[in-house]
Amino acid sequence: MKKISKTKPKTVLIAGAAGFIGSHLSDLFIEKGDRVIAVDNLLTGNIKNLRHLVSDKNFSFQKNDISKPFRIAGPVDFILNFASPASPPDYLKYPIQTLEVGSLGTRNLLELAREKKSIFLHASTSEVYGDPEVSPQKESYWGHVSSVGVRSVYDEAKRFSEAMIMAYHRTYRLDTKMVRIFNTYGRRMRPQDGRVIPNFMTQALLGKPLTIYGKGQQTRSYCYVDDLVSGIHTLLFSNFHLPVNLGNPNEMTVMDLAKMILKRTGSRSKIVYRPLPADDPKQRCPDIALAQKVLGWKPQVPLQEGLGYTLDYFREEILRNKLR
Ligand code: UDP
């Protein structure tokens, strides 16, 4: 494994940098004095998430679809693969692109990592566990995924990319890391992203009914984005190459989340019920014992605090974009 100094500035390529998590990672590395090469095809990412960084001498942006071969000039210490549609409505809208970015895109980045002798970190997902039959989910759980269901375009792309990363690690001794990201929320999610927190928050703030899919008894566990990116940074400097769950084990039903957001906003919005999307997982909760053991990481931001920051953001977005 390559020895890497924590103090010397690095060059970090972030694929998917204009997305929700990619843009927060870009901020983190720029704050630490590193150089960021941001790459995005802007399919679901938004350049406005990076606008505050464009004048920074350590920041550059390259519009590229990583699914197609592309070149990067100069040395690269780290490659972070955060490029993919990630909201279920997004990957259902772009099924082929999602499969391509997870397979061809990951392969292109792995080849770039070989060429540049970079350390490679991949954003995997709790979706590799599918509709899990065990809870909480440990990394050793192999998952319960339909290979032909509608969500398979995302789930199987991410499972394939994990397999390919392990093949590069074993064949070429590439220094690779993988994070399995559980539901994450915070500033810079798109109000119309379709995920549950942006949906409920914008609905509550605009006085529209909150749309619960199914009966709302399915569970999720929500991690604030600052906690997630600090865990990713720690993983990057670790020697651990197998997948690590990062998430907040604070599990709750979708119904309880809706009630919490209604209370928090003081909104008089009603709750309406919509059909449960196909293959929607019934439960999801990370077991973070491995992250605690190998990274000394656990989330710090309580849900109420993180929801407060996120609500402030959606309030600003609603005003800025005159949403109604
Ligand atoms: N959900 C909901 N109403 C919405 C959006 C989502 O009830 O307006 C539910 C969805 O069916 C799922 C959970 O909230 O059970 C989390 O959905 P999300 O799309 O945020 O992420 P997922 O964990 O499914 O990838």
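In each ligand, atom 1 is the first atom listed, and ligand 1 is the first ligand listed. Basis for what follows: all heavy atoms, side chains included, without hydrogens, waters or symmetry-related copies.
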Just heavy atoms, cut-off under 4.0 Å: does R274 contact ligand 1 by side chain, backbone, both, or neither? neither

Residues D27 and R188 bridged, charged N to O under 4.0 Å: yes

What orientation do Y141 and Y129 show, parallel under 30°, tilted 30 to 60°, or perpendicular over 60°? parallel

Tell me whether the centres of the aromatic rings in H169 and F120 are closer together than 6.0 Å. no

Can you tell me which residue and heavy atom of the protein come closest to atom 13 (C) of ligand 1, and the distance to 0.1 Å? V254 CG2, 3.8 Å

Verify ring-ring contact (aromatic ring centres under 6.0 Å, His included) between H122 and F82, making sure each step is shown before the conclusion. CA-CA 7 Å; H122 177 68; F82 282 73; 8.1 Å; no

I197, any N or O under 3.5 Å of ligand 1 N or O: no

Taking the six-membered ring of Y172, is NZ or CZ of R114 closer than 6.0 Å to its centre and within 45° of its axis? yes

Contact partition for L210 relative to ligand 1, non-hydrogen atoms under 4.0 Å: neither

Salt-bridge criterion met for D175 and K177 (N-O under 4.0 Å): yes

Hey, are E317 and R187 close enough for a salt bridge, meaning a charged N less than 4.0 Å from a carboxylate O? no

Only heavy atoms of T211, strictly under 4.0 Å: list the atoms of ligand 1 that pass. 2 (C), 3 (N), 4 (C), 7 (O), 8 (O)

Is there a path from Y213 to I261 through hydrophobic residues (I, L, V, M, F, W, Y) whose side chains come within less than 4.5 Å of each other? no

Determine whether any heavy atom of E127 lies closer than 4.0 Å to an atom of ligand 1. yes

Distance from atom 16 (C) of ligand 1 to nearest protein heavy atom, with residue and atom: R220 NE, 3.6 Å

Quick note on ligand 1: atoms under 4.0 Å from a heavy atom of R195 include exactly 19 (O), 20 (O)

Can you list the ligand 1 atoms lying under 4.0 Å from a non-hydrogen atom of I212? 7 (O)

How far is atom 1 (N) of ligand 1 from its nearest protein heavy atom, and which residue and atom name does that atom have? Y213 CD1, 3.4 Å

Looking only at protein heavy atoms, what sits closest to atom 10 (C) of ligand 1 is D280 OD2, 3.3 Å

Are G194 and ligand 1 in contact, using a heavy-atom cut-off of under 4.0 Å? yes

Hey, what's the ring geometry for Y185 with Y222, parallel, tilted or perpendicular (30° and 60° as the breaks)? perpendicular

Please state which protein non-hydrogen atom is closest to atom 17 (O) of ligand 1 and give its distance, to 0.1 Å? V196 CB, 4.1 Å

For R284, the ligand 1 atoms with a heavy-atom partner under 4.0 Å come out as 22 (P), 23 (O), 25 (O)

So for R151, does at least one of its heavy atoms come nearer than 4.0 angstrom to any atom of ligand 1? yes

Considering only non-hydrogen protein atoms, determine which one is nearest to atom 21 (O) of ligand 1 and report residue, atom name and distance to 0.1 Å. N183 ND2, 3.5 Å

K10 side chain to K8 backbone, donor-acceptor under 3.5 Å: yes

Does this structure show an ion pair linking K158 with E127, if we count only N-O contacts that are shorter than 4.0 Å? no

Test of understanding: given a 4.0 Å heavy-atom threshold, classify the contact between Q218 and ligand 1 as side chain, backbone, both, or neither. side chain

Under-4.0 Å heavy-atom contact with ligand 1, by part of N199 that carries it: side chain

